[in-house]
2 protein chains.
Amino acid sequence: MVPAALSALKTHPDVSFVLIGNQASIEAELAVHKALDDQRLIVQHASQQVEMDELPSAALRGKKDSSMRVAINMVREGKASACVSAGNTGALMAIARFVLKTLPGIERPAIVTALPTMEGHTYVLDLGANVDSSAAHLVQFALMGSVLVESVEGLSKPRVGLLNIGSEEIKGNERVKEAARLLEKTDLNYIGYVEGDGLYEGKCDVLVCDGFVGNVALKASEGVAHMISHYLRASFKRNILTKLVGLMATPVLKHFKQQLDPRAYNGANLIGLQGIVIKSHGGADEFAFANAIKIAIIEAKKDVPKNISKHLEILLEGQVL
Amino acid sequence: MVPAALSALKTHPDVSFVLIGNQASIEAELAVHKALDDQRLIVQHASQQVEMDELPSAALRGKKDSSMRVAINMVREGKASACVSAGNTGALMAIARFVLKTLPGIERPAIVTALPTMEGHTYVLDLGANVDSSAAHLVQFALMGSVLVESVEGLSKPRVGLLNIGSEEIKGNERVKEAARLLEKTDLNYIGYVEGDGLYEGKCDVLVCDGFVGNVALKASEGVAHMISHYLRASFKRNILTKLVGLMATPVLKHFKQQLDPRAYNGANLIGLQGIVIKSHGGADEFAFANAIKIAIIEAKKDVPKNISKHLEILLEGQVL
């Protein structure tokens with residue numbers, strides 16, 4: 001996290017960082033990088049930390065001076081424009097929701113991230129913050145995703161799709177069908193149902209789904225990618241001849257890997273809150289964490305939460321929600 | 001379909017086929033293969049056919065002499081031990097359910113197929129026949145999947161997992177949690193929750209989920225696999241040098257592709273019915289369709305529907321369901 005912050009200081013001269021956690025540990029790391037005297041780096045001590053396997057409710061009640069809680073408090077108090085954390089997702093969501101509150105008109109925050117497609121990338125939400133989302137929740141997700149993509153990608157009227165199943169008699173469940181009816185009444189660029197494979201074909205810029213479904217789709221996708229690379233590697237390792245071919249193919253396989261590098265997609269939004277909170281993967285390296293920081297900077301500059309509120313007012317006035 | 005049936009006749013001397021559809025077309029195809037006089041091939045004329053985009057309800061009401069309907073009628077009358085179709089899935093399910101009825105104690109039939117994993121393969125159900133499945137439905141799916149794997153794979157006490165999300169405060173929805181409680185009371189080898197990526201790690205032999213979730217997971221997996229192969233191909237086609245490397249890597253890439261060949265997994269079960277119905281992909285070639293036939297033969301020999309009924313009685317006596 002420290003090297004990523006230091007590199008962001010260089011590329012973003014208007015940004016400064018508050019590094020929150022165990023003061024001694026952070027300062028030791030800063031000393032390694034000869035950055036103890038940087039005026040744009042403030043170290044804020046926090047006496048506790050939320051563990052990765054800690055129950056969100058326990059972290060919320062029992063860890064009032066955790067780095068996570070202190071960071072989110074600073075966002076609420078306007079002392080920080082955004083919080084970036086690589087900690088326990090459930091705890092981060094619980095604390096952020098409790099401290100920052102949701103935006104007026106948003107009942108549930110969602111987790112959203114961009115995923116690579118054959119055409120570029122698609123933002124998918126919700127990825128696991130909610131289960132059994134109602135039609136109104138799905139419409140709120142659609143609006144938040146649309147505003148996020150407009151702000152972050154500079155894309156006007158992003159195409160919004162609803163994740164559904166299409167091959168059977170029962171085409172989707174009632175909540176998805178009702179959400180479709182509501183979305184048609186909004187000014188969002190709603191393009192209709194998208195199936196699971198459509199996600200990776202780049203059929204839409206924002207894909208909306210319940211958090212249970214989105215989480216399963218994300219994890220299954222990661223699982224398939226992992227399995228494919230496992231079999232690909234094994235095929236190149238079968239014998240001395242295939243290993244030789246593999247050696248020659250190294251630059252090609254490297255180029256291939258770079259194009260789908262998950263580190264380039266690190267940084268999920270906890271969206272729908274009165275403040276910006278970005279969740280990095282726990283195992284992020286410098287490159288991956290720098291990406292999460294970049295997302296936080298863009299969203300802070302564009303003031304994504306305010307844009308969501310503005311757009312929401314239009315919907316509420318039109319009595320769609 | 002005809003070449004696949006002819007090859008199955010050779011490998012299975014105790015099997016015979018009824019080919020159902022337009023008699024003239026089928027006989028023309030048989031003539032090409034010089035198989036018009038084969039005693040183990042009967043041609044059964046059907047004057048209608050269900051279109052791929054036809055509504056299941058329309059097919060059910062309006063196509064009483066379709067090849068699909070005639071085939072399923074033959075299963076009900078005991079004139080055929082199983083039906084294999086590459087037609088419209090929704091129509092096949094609707095007709096099969098109406099004509100064959102579900103097994104006593106099974107409220108909803110499900111769609112199940114094997115998917116490749118890093119360890120072998122896992123049977124997943126439901127893949128799209130049902131949405132909003134209750135806890136009791138999920139338990140019925142678990143039982144059907146378990147019996148299927150025992151019968152088809154000869155695996156004793158297959159490991160049954162429940163698809164869930166695990167990273168958030170809200171670990172799954174109420175129906176999944178209730179299904180877990182019920183499954184613990186059964187004699188099934190229930191191993192607990194499995195996340196989306198666990199599917200491809202081979203953590204269980206049977207993975208149980210609602211049809212909406214299963215369909216999305218399946219389609220998203222197909223989408224990722226397609227995207228990865230797209231980027232892999234593109235990486236080998238960038239310039240003359242990479243193309244040369246690609247040429248040398250051809251046998252390796254071919255070996256890799258064979259290991260995950262979806263044709264080897266062709267043939268989904270419409271399970272829970274009083275009869276065996278196997279759904280082949282619409283675009284199946286001879287190799288893929290032969291696989292669907294092979295599954296039908298194994299299930300008929302093992303009498304999977306009877307085994308499900310037997311196992312279900314045990315659960316009903318134990319008052320688990």
Side-chain angles (χ1 to χ4, degrees), chain A residues 55-57 89-91 93-94 116-118 128-132 163 165 167-170 172-174 176 195-201 209 211-213 215-228 230-232 234-236 238 242 245-246 248-249 251-253 255-256 259-260, chain B residues 55-57 89-91 93-94 116-118 128-132 163 165 167-170 172-174 176 195-201 209 211-213 215-228 230-232 234-236 238 242 245-246 248-249 251-253 255-256 259-260:
Chain A
L55 273 181
S57 49
T89 313
M93 179 57 102
T117 72
M118 291 208 269
N130 308 281
V131 296
D132 297 327
L163 186 59
I165 64 173
S167 58
E168 301 311 310
E169 167 96 290
I170 317 150
N173 60 31
E174 278 312 313
V176 172
E195 289 191 62
D197 47 351
L199 159 55
Y200 296 99
E201 289 163 9
C209 57
F212 190 99
V213 176
N215 189 281
V216 166
L218 176 69
K219 291 280 177 72
S221 300
E222 288 172 354
V224 166
H226 189 223
M227 176 180 70
I228 291 174
H230 163 85
Y231 280 113
L232 187 60
S235 292
F236 275 110
R238 275 203 305 157
T242 58
V245 173
M248 286 187 289
V252 181
L253 296 173
H255 173 265
F256 158 66
Q259 291 198 283
L260 292 169
Chain B
L55 274 181
S57 49
T89 313
M93 179 56 100
T117 72
M118 291 206 270
N130 308 282
V131 295
D132 297 326
L163 187 58
I165 64 175
S167 57
E168 301 312 311
E169 168 96 284
I170 319 150
N173 61 30
E174 278 312 315
V176 172
E195 289 191 62
D197 46 352
L199 159 55
Y200 295 100
E201 290 163 8
C209 58
F212 191 98
V213 175
N215 189 280
V216 166
L218 177 70
K219 292 278 176 72
S221 300
E222 289 172 355
V224 167
H226 189 223
M227 176 179 71
I228 291 174
H230 163 84
Y231 280 113
L232 187 60
S235 292
F236 276 109
R238 275 203 305 158
T242 59
V245 173
M248 286 186 290
V252 182
L253 297 172
H255 172 264
F256 158 66
Q259 291 199 282
L260 292 169

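Here is how names work: the chains are called A, B, and so on, in the same order as the sequence lines, proteins then strands, and each is numbered from 1. These values consider heavy atoms only, across backbone and side chains, with no hydrogens, waters or symmetry-generated copies.
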>> Quick check for you: to the nearest 0.5 Å, what is the distance between B/Leu260 atom CG and A/His230 atom NE2?
In response: 9.0 Å
> How far does NE2 of A/His226 sit from CE of B/Met118, to the nearest 0.5 angstrom?
Replying inline: 4.5 Å
>> Heavy-atom pairs under 4.5 Å with chain A - which of B/Val224, B/Ile228, B/Thr242 has more of them than the others?
In response: B/Val224
> Under a 4.5 Å heavy-atom cutoff, which of B/Arg238, B/Glu174, B/Glu222 has the most pairs with chain A?
Replying inline: B/Arg238
>> The test is side chain to side chain contact (heavy atoms under 4.5 Å, CB included); show your working for A/Val245 and B/Val245 and say whether it passes.
In response: CA-CA 8 Å; A/Val245 173; B/Val245 173; 5.6 Å; no
> What part of A/His255 gets closer than 4.5 Å to chain B, counting heavy atoms only: side chain, backbone, both or neither?
Replying inline: both
>> Does any backbone or side-chain atom of A/Leu218 lie under 4.5 Å from a heavy atom of chain B? Answer side chain, backbone, both or neither.
In response: neither
>> Would you say that B/Val131 contacts A/Val176 through its side chain, given a criterion of any heavy-atom pair below 4.5 Å between the two side chains?
In response: no
Ignoring hydrogens, what is the shortest heavy-atom contact between [X] and [Y]? Give both atom names and the distance.
X: B/Glu195; Y: A/Asn215; answer: OE1-OD1, 4.3 Å
X: A/Phe212; Y: B/Leu163; answer: CZ-O, 3.6 Å
X: A/Tyr231; Y: B/Phe256; answer: C-CD1, 3.7 Å

>> If we define contacts as heavy-atom pairs under 4.5 Å, which of A/Ser235, A/Gly223, A/Gly246 has the most with chain B?
In response: A/Ser235
>> Test side chain to side chain contact (heavy atoms under 4.5 Å, CB included) on B/Val252 and A/Leu232; report intermediate values, then the result.
In response: CA-CA 9 Å; B/Val252 182; A/Leu232 187 60; over 6 Å; no
> With sequence neighbours excluded, what pairs up with B/Leu199 under the side chain to side chain contact (heavy atoms under 4.5 Å, CB included) test?
Replying inline: B/Leu115, B/Thr122, B/Val124, B/Leu207
> Considering residues at least two apart in sequence or located in another chain, which fulfil the side-chain hydrogen bond (donor to acceptor under 3.5 Å, both in side chains) criterion with B/Thr117?
Replying inline: none
